[in-house]
Amino acid sequence: MLDVVYEEAERLLRGAMAEAGAEAEPALQEPRAGYGDLASSACFTLARKLGRAPAELAEELAGKIELSSARFISAVEALNGFINFHFNYSELARATIERVAAEGERYGSGGRRGRIILEHTSANPDGPLHIGHGRNAAIGDSLARILRFSGYEVETEYYLNDMGRQLAVVVLGLRRLKLDTSLKQDHAIAKVYVEASRMVEESEELQAELSELMRAYEAGDESTVREFREAAEYCMQGIRETLQRLGVSHDLTVWESEFVRSGEVERVLERLSSSPCARQEEVLYLDLSGFGIDKELVLRRSDGTMLYATRDIAHHLWKAERGRMINVWGADHKLLAEQLGAVMRILGAPEPEFVIHEFITLPGGSMSTRKGRFISMDELLDEAAARALQEVERRRGEKDEAFRRRVAEQVAVGAVRYAMVRVAPEKHVKFRWEEVLDFERQGAPFIQYAHARACRILEKAELPERFEVGELSQDERRLVKLVAAMPVTVDRAAEELKPSLLAAYLLELATAFHSFYSSVRVLGSESEAFRLRLVQAVKTALANTMRLLGIPVLEEM
RNA sequence: GGACUCGUAGCCUAGCCUGGACAGGGCGUCGGCCUUCUAAGCCGAAGAUCGCGGGUUCAAAUCCCGCCGAGUCCGCCA
């Protein structure tokens, strides 16, 4: 809705500039509080160009703006060299409320076109997802939801690294250790992995067996392949369970080994070996210094076997056929991301886009599945749910246990997902239990509560067809503007691949709603009809945006 | 040592790409608000040399250079 208002302001401003013979970009921006609803700093640019004072120009242009044709802009003023626009809130309120009502669950969706293959999570099948993987999954899944809502056809992919040393260690461990079937599958695998890693470290014999195992798997030895697949699948069952709990799913699981077995990796090597960047010494490698990457990229070992990066090139060539590639990767893969981009350019293929996130570290340092030093997502969710349950019991003791458990779980999932996505991905996070588990802070529960409050008002009255828009309060204007801003915010999040924008948006909308809720009554008030419709619109905007971040939408809590 | 990312009040964070009006929030602290739609809420107060130093500009948290601190990577690992 706000896009229409922006266009109108731009049209008015351009008209005035044309009349004054002073052309410049409209430079529209969100003003600071107290300076209207929309501002333009175009006069500063013009001032330089024309050698005049910004304030004087702003006065002149503001005077030339013709408001008679405007629908959503009601006033314009010049101040400190800025041109400030004021919205016609009764008009904007009516248009917004009607549009939200008409579009319902689709409000905020866009008409973008194209196919995207989005890779995220992709944790090694050697144990449960830890909180670092959780960050990846939350960002990736939110992006998938956002991009779909924007109109793209999105295919999400879990790239399964089955050719690494990790899975081989697990397989070796399974040959001589008892699998603890009392544990959740991924945790049972982790236990084997930790123990087997230690054993391998201490025994040269086992190291030899491990190398042999990896060779046999790459060669496609039938029984070895079965062992690897079974081990990986067993672990993946546990991982998928956790992801499901978080509301995360993948359309495809792509096994790294497929590209070796299909011969794609071999073909990639042939194509690359004729590149001017290719060097064949004991190993085949690419000199990528022409792309600003000093580190050479080894493609084939002296024993003829391939490396992870080589297989990933084949993987990306396959993906390139399916659509625009977006990868959500951890910061440890930054160099590989750059190298991959360069190689795709060499091959004349489209380059993947990356959303790189920094690490979550524990007080003692970074996490390691191999050393058993990590906090799993299961642990985090259980802890969050237990803590949420205490809160629900304290507040809603009168409700039955099923209700309390369901709400606690949904609050926990929302809190965890929100916490993972609200911080910009490039920020390094130091994990502290108190921060994730503190529901007193603004976060998902605060947002879920705003939605529940809206529901409780709406369930007590019929939604009126007709409504009068009178003079709006400060809170009502804020709500109208925010609801109207939802589609442009979603569109920006999709464009910039930033789910965190929606996290910030939700917080603002929930804050405005809580403030509105405490300052005025809806039911029984003079403007009941309008307020009911406004609450309905806020509820829709909240719910639609919450779904994009995978935050459970609660009617009651 | 080199490359990349981050550095905003006691703590966490937005804004930085696309430079503009007194740097937004939250936690914590202090003080108020439950006989009316759920107080997981609301209202108010105090709290910031935007890491440091230089430069560009009418204007710098934002752009450029240098330095310091933190994280990550720099394997014929994945």
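Throughout, a chain's letter reflects where its sequence line sits, starting with A, and its residues are numbered from 1. Note that the structure is predicted; figures quoted are calculated from it, not measured.
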* Asked: How far, in whole Å, is B:C34 from B:G41 if one measures between their C1' atoms?
  -> 10 Å

* Using a cut-off of less than 4.0 Å, is there contact between a side-chain N or O of A:R32 and OP1 or OP2 of B:C22? -> no

* Asked: NA contact type, A:I293, heavy-atom cut-off 4.0 Å: base, sugar-phosphate, or nothing?
  -> nothing

* Separation of atom NE2 in A:H451 from atom P in B:G41, rounded to whole Å -> 17 Å

* Quick one: look up who B:A45 pairs with, Watson-Crick or G-U, both distances under 3.5 Å, and put none if it's unpaired. => B:U29

* Do A:E212 and A:R215 sit within salt-bridge range, that is, some charged N less than 4.0 Å from a carboxylate O? -> yes

* What is the pairing partner of B:C74, taking Watson-Crick or G-U wobble pairs with both distances under 3.5 Å in any strand? -> B:G1

* Could you give the distance separating B:U62 and B:G51 at their C1' atoms, to the nearest angstrom? => 16 Å

* Give a yes or no on whether a salt bridge exists between A:R396 and A:E398, defined as a side-chain N under 4.0 angstrom from a carboxylate O. => yes

* To do: Assign A:V535 to base, sugar-phosphate, or nothing according to its heavy-atom contacts below 4.0 angstrom with the strands shown.
  => nothing

* To do: Assign A:R300 to base, sugar-phosphate, or nothing according to its heavy-atom contacts below 4.0 angstrom with the strands shown.
  => nothing

* In whole Å, what separates the C1' atom of B:A14 from that of B:A23? -> 10 Å

* Asked: Any side-chain N or O of A:R395 less than 4.0 Å from the OP1 or OP2 oxygen of B:A40?
  -> yes

* Between atom CD in A:E391 and atom P in B:A39, what is the gap in whole Å? -> 15 Å

* Structure fact -> Considering only heavy side-chain atoms of A:M557, the closest of B:A21, B:U18, B:U38 is B:U38

* Give A:E282 one of three labels, base, sugar-phosphate or nothing, depending on what nucleic acid heavy atoms sit under 4.0 Å from its own. => base

* Under 4.0 angstrom, heavy atoms only, what part of the nucleic acid is A:R453 near: base, sugar-phosphate, or nothing? -> sugar-phosphate

* Asked: Is A:Q448 reaching over with its side chain to a backbone N or O of A:L554, donor-acceptor style, under 3.5 angstrom?
  -> no

* Asked: Is it the case that more than 12 heavy atoms not belonging to A:E526 sit under 6.0 Å from its CD atom?
  -> no

* N-O pairing of A:R198 and A:E201 below 4.0 Å -> no

* To do: Assign the ring pair A:H130 / A:F374 to parallel, tilted or perpendicular, where the plane angle (0 to 90°) is split at 30° and 60°.
  => tilted

* Asked: Is B:C63 syn or is it anti, if syn means the base angle is within 90 degrees of 0?
  -> anti

* Asked: Looking for any heavy atom pair under 4.0 Å, which part of the strands does A:V298 touch: base, sugar-phosphate only, or nothing?
  -> sugar-phosphate

Identify the pairs formed between an N or O of the protein and an N or O of nucleotides 63-74 of chain B at a distance under 3.5 Å, and give each distance.
unit_1: B:U72; atom_1: O2'; unit_2: A:A331; atom_2: O; d: 3.3

* For salt bridge (charged side-chain N to carboxylate O under 4.0 Å, His left out), just list the numbers for A:E10 and A:R14, CA-CA rounded to whole Å, side-chain angles, deciding distance to a tenth of an Å, and then say yes or no. => CA-CA 6 Å; A:E10 187 171 334; A:R14 283 195 192 278; 3.2 Å; yes

* Using atom C1' of each nucleotide, how far apart are B:G71 and B:C37 to the nearest Å? -> 48 Å

* Listed nucleotide nearest any side-chain atom of A:F82, set B:C77, B:G20, B:A40 -> B:G20

* Please give, in whole Å, the distance from B:G2 P to A:D294 CG? -> 12 Å

* Structure fact -> By nearest-heavy-atom nucleotide on RNA chain B, the more 5' of A:N124 and A:S518 is A:S518

* Quick one: do A:E528 and A:R531 satisfy salt bridge (charged side-chain N to carboxylate O under 4.0 Å, His left out)? Show the steps, please. => CA-CA 5 Å; A:E528 179 178 302; A:R531 285 183 183 155; over 6 Å; no

Polar atom pairs between nucleotides 43-47 of chain B and protein, under 3.5 Å, N or O only, would you list them?
unit_1: B:C43; atom_1: OP1; unit_2: A:S515; atom_2: OG; d: 3.3

* Asked: Should B:A39 form a Watson-Crick or G-U wobble pair with both distances under 3.5 Å, which nucleotide is its partner?
  -> none

* Do the side chains of A:M420 and A:I131 get nearer than 4.5 Å, heavy atoms only? -> yes

* May I have the distance from A:L506 (atom CG) to B:G26 (atom P), rounded to whole angstrom? => 16 Å

* Asked: What residue among A:K334, A:K427, A:K430 forms salt bridge (charged side-chain N to carboxylate O under 4.0 Å, His left out) with A:E358?
  -> A:K334

* Asked: When rounded to the nearest Å, what value does the distance between P atoms of B:C17 and B:C63 take?
  -> 5 Å

* **5' precedence on RNA chain B between A:V429 and A:Y35 (nearest-nucleotide basis)** => A:V429

* To do: For B:A70 versus B:C64, give the span between their C1' atoms, rounded off to a whole number of Å.
  => 23 Å

* Asked: Does A:K427 place a side-chain N or O at less than 4.0 Å from the phosphate oxygens OP1/OP2 of B:G15?
  -> no

* Looking only at side-chain N and O atoms, does A:Y308 come under 4.0 Å of OP1 or OP2 in B:A78? -> no

* **Rounded distance in Å between the C1' positions of B:A40 and B:G7** => 33 Å

* Identify which nucleotide among B:A14, B:C77, B:A21 has an atom closest to any side-chain atom of A:P31, counting heavy atoms from C-beta outward. => B:A21

* To do: Round to a whole Å and report the spacing from CZ of A:F431 to C1' of B:C11.
  => 16 Å

* **Between CZ on residue A:F85 and CG on residue A:D37, distance to nearest 0.5 Å** => 11.0 Å

* For atom OH of A:Y517 and atom C1' of B:C34, their distance in whole Å -> 11 Å

* What does B:C63 pair with, Watson-Crick or G-U, if both distances are under 3.5 Å? -> B:G55

* Asked: Taking the C1' atom of each, how far is B:C16 from B:C11, in whole Å?
  -> 22 Å

* Taking only side-chain nitrogens and oxygens of A:R48, does any of them come within less than 4.0 Å of OP1 or OP2 of B:C58? -> yes

* Using only side-chain N and O atoms of A:R301, determine if any of them is under 4.0 Å from OP1 or OP2 of B:A78. => yes

* For the pair made of CG in A:L507 and P in B:G41, what is the distance, rounded to whole Å? -> 11 Å

* Asked: Which part of the nucleic acid, if any, lies within contact of A:V407, taking any heavy atom under 4.0 Å across all strands shown: a base, the sugar-phosphate backbone alone, or nothing?
  -> base

* Apply salt bridge (charged side-chain N to carboxylate O under 4.0 Å, His left out) to A:R261 and A:E258, showing your working. => CA-CA 5 Å; A:R261 306 273 147 69; A:E258 283 173 26; over 6 Å; no

* Asked: Heavy atoms under 4.0 Å, any strand shown: does A:A388 hit a base, just sugar-phosphate, or nothing?
  -> nothing

* What integer distance in Å separates A:L57:CG from B:A59:P? -> 18 Å

* A:F259 vs A:H315 aromatic rings, parallel, tilted or perpendicular, using cut-offs 30° and 60°? -> tilted

